[in-house]
Structure formats: structure tokens, C-alpha cells
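To start, the structure under review is shown below, and the notes come after it.
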Amino acid sequence: MRRSAGPSARERRGRSTGVGRHRASSAAGILGRKARAVAAAGLTGLGTLAGAGVAHAEPLRPVEAPLADGTPCTIAARACVSIDGKKAWLIDDGAVVHGPVTISTGGPGKETPRGAFGVEWKNRDHRSAEFDNAPMPYAVFFAPGGIAFHEGNTETSSAGCVRLPRAEAAHFYEYLQVGDRVEIV
């Protein structure tokens, strides 16, 4: 589902503290932690605009890094989505820590954007401003246009979001933090 009203004041306040909980014991982890810190610092300043529904982060630049085993994404990613494979993974320090899980993505004319993005904000009980107040539980917003991971039917196409079963959506919501890298391939 696309376009949302933006994060609440409480969510905007939490942005600057969301990157410190992941350990970084390898070079890949340190690179990822620094990238998340830079992205989170940049996004913290967008809080006022995002609340008005006009701020959208630009896609992140590609990185030269090996792929995480068993995924089509690099070790720099914290979340990986294979649109064609209809699967998603969570990654830590270059290793898969959860997945693959079954997903659904956008359909014709409302495709899920491919590329590398940073988590912009989260809302556990989000409702879509664009789609008649439709529920989007465990929403983790990461791409322009209000594209997010969230709970939803994985048997049908979305309006661009990545839908997950309830337990998986909750897991992605808890695991991902503002600034984390999301790769969609």
C-alpha cells in the first residue's frame, strides 16, 4: 500500500536511537553499522517533512559486496526481498538470521520498486491514508511512495508493498531499525 500520513511524533523522536543495537564484529558489520548511522542521522532531519507526508528518501547507492549465502542480496543488507522468488530474508553481519519467508509484492502498474533503500520509519498499528484506512499492521516503511513491509495476504498482489504473514511481519518489525538497508531484487 502506498502513501501514508507519516510517522507520529513518538516515532520521529525514536529515529536517532534506532541504529545502535546491532553488533558489528566484522568489516561487513562495521560498514553496515556506519551506513545505518549516516542514514539515520540524515533521516532524523526529515521528521518534520515526513509528518506532512512529503518526505521520501532516495534509493541508496549500490555497494560492491559479496552476496549473503542463500539470497540474491549483498551482505550489506539487513533485509532482502526477491520479487521473482516471492521470498524475503533478514540478514545480520552478512549471514541469514531469518528466512526465507513467503511474501507478496506489487502487481502490474503498482510494482514494488527494485533497488537498495533505507528503513525510513515504523508504525505497529498503521492505517493507509490512500486505501480507505486499510490496516497495515507492523509497517516498516523503506521506499518512496509509502512502500513498506507489513502484515497482509500473501496470496494476492499488493499496491507495491511487501506483504508478510502476521508472525513474519511482527518479526521484521522488531528486527529492522531506522536506517537499516533493504535490498529489493
All heavy atoms of Pro113 vs all of Ala143, minimum pair found to be CG-CB, 4.0 Å
Let's go through Phe141 and His126 carefully: what are the C-alpha distance in whole Å and the side-chain angles of both, what is the deciding distance for ring pair (Phe, Tyr, Trp, His ring centres under 6.0 Å) to 0.1 Å, and is it a yes or a no? CA-CA 10 Å; Phe141 292 88; His126 188 72; 4.9 Å; yes
State, yes or no, whether a side-chain contact exists between Arg78 and Leu90 at a heavy-atom distance under 4.5 Å. no
For the residue pair Ser82 and Trp89, establish whether any side-chain heavy-atom pair is separated by less than 4.5 Å. yes
Just verifying a value: how many Å separate Leu164 CG and Tyr173 OH, rounded to the nearest 0.5 Å? 14.0 Å
Pair Lys110-Ser158, side chain to side chain contact (heavy atoms under 4.5 Å, CB included): steps then yes or no: CA-CA 8 Å; Lys110 296 185 178 191; Ser158 72; over 6 Å; no
Within-4.5 Å side-chain heavy-atom neighbours: His150 and Arg163: yes
Any pair with a residue in residues 137-148 that passes side chain to side chain donor-acceptor pair (under 3.5 Å), sequence neighbours left out, goes on the list, sorted by first then second residue, please. Arg124-Tyr138
Check for a donor-acceptor pair, side chain of Gln177 on one end and backbone N or O of Glu174 on the other, with a separation under 3.5 Å. yes
Would you say Val185 and Val162 are hydrophobically clustered, going by side-chain heavy atoms of ILVMFWY under 4.5 Å? no
Can you list every pair that meets salt bridge (charged side-chain N to carboxylate O under 4.0 Å, His left out) and has a residue in residues 133-162, with sequence neighbours left out? Glu151-Arg166
Any sub-3.5 Å donor-acceptor pair from Lys122's side-chain atoms to Ala139's backbone N or O? no
Let me check something: do Val140 and Val81 share a hydrophobic cluster, defined by ILVMFWY side-chain heavy atoms less than 4.5 Å apart, either directly or through other members? yes
Pairwise side-chain contact, Thr74 with Glu183, heavy-atom cut-off 4.5 Å (strictly under): yes
The reported gap from CG in Asp180 to CD1 in Ile91 (rounded to nearest 0.5 angstrom) is 11.0 Å
Ignoring hydrogens and geometry, is there a side-chain-to-backbone donor-acceptor pair from Glu111 to Gly109 under 3.5 Å? yes
Inter- and intrachain pairs under disulfide bond (SG atoms under 2.5 Å apart), touching residues 121-158, at least two apart: none
Pairs meeting criterion disulfide bond (SG atoms under 2.5 Å apart) with involvement of residues 110-153, two or more places apart: none
For Asn133, look at atom CG and say whether over 12 heavy atoms of other residues, nucleotides or ligands are found less than 6.0 Å away. yes
Kindly determine whether Val119 and Phe149 satisfy side chain to side chain contact (heavy atoms under 4.5 Å, CB included), including the steps that lead there. CA-CA 10 Å; Val119 170; Phe149 291 106; 5.9 Å; no
Side chain to side chain donor-acceptor pair (under 3.5 Å) with Asp84: which residues, sequence neighbours excluded? Arg114
Donor-acceptor pairs are to be reported for all side-chain atoms of residues 96-105 against protein atoms at under 3.5 Å, with residues two or more places apart or in another chain.
{"unit_1": "His98", "atom_1": "NE2", "unit_2": "Glu168", "atom_2": "OE1", "d": "2.4"}
{"unit_1": "Thr102", "atom_1": "OG1", "unit_2": "Lys87", "atom_2": "NZ", "d": "3.2"}
{"unit_1": "Ser104", "atom_1": "OG", "unit_2": "Asn153", "atom_2": "O", "d": "3.1"}
{"unit_1": "Ser104", "atom_1": "OG", "unit_2": "Thr156", "atom_2": "O", "d": "3.1"}

CD1 of Ile147 to CD of Glu120, rounded to nearest 0.5 Å, is 10.0 Å
Starting at CZ of Phe142, measure out to CG of Leu176 and round the result to the nearest 0.5 Å. 9.5 Å
Which pairs count as disulfide bond (SG atoms under 2.5 Å apart) when at least one residue sits in residues 101-154, sequence neighbours excluded? none
Can you pull the disulfide bond (SG atoms under 2.5 Å apart) pairs that have at least one residue in residues 65-159, sequence neighbours excluded? Cys73-Cys80
When you compare the side chain of Leu67 with that of Ile75, does any pair of heavy atoms fall below 4.5 Å? no
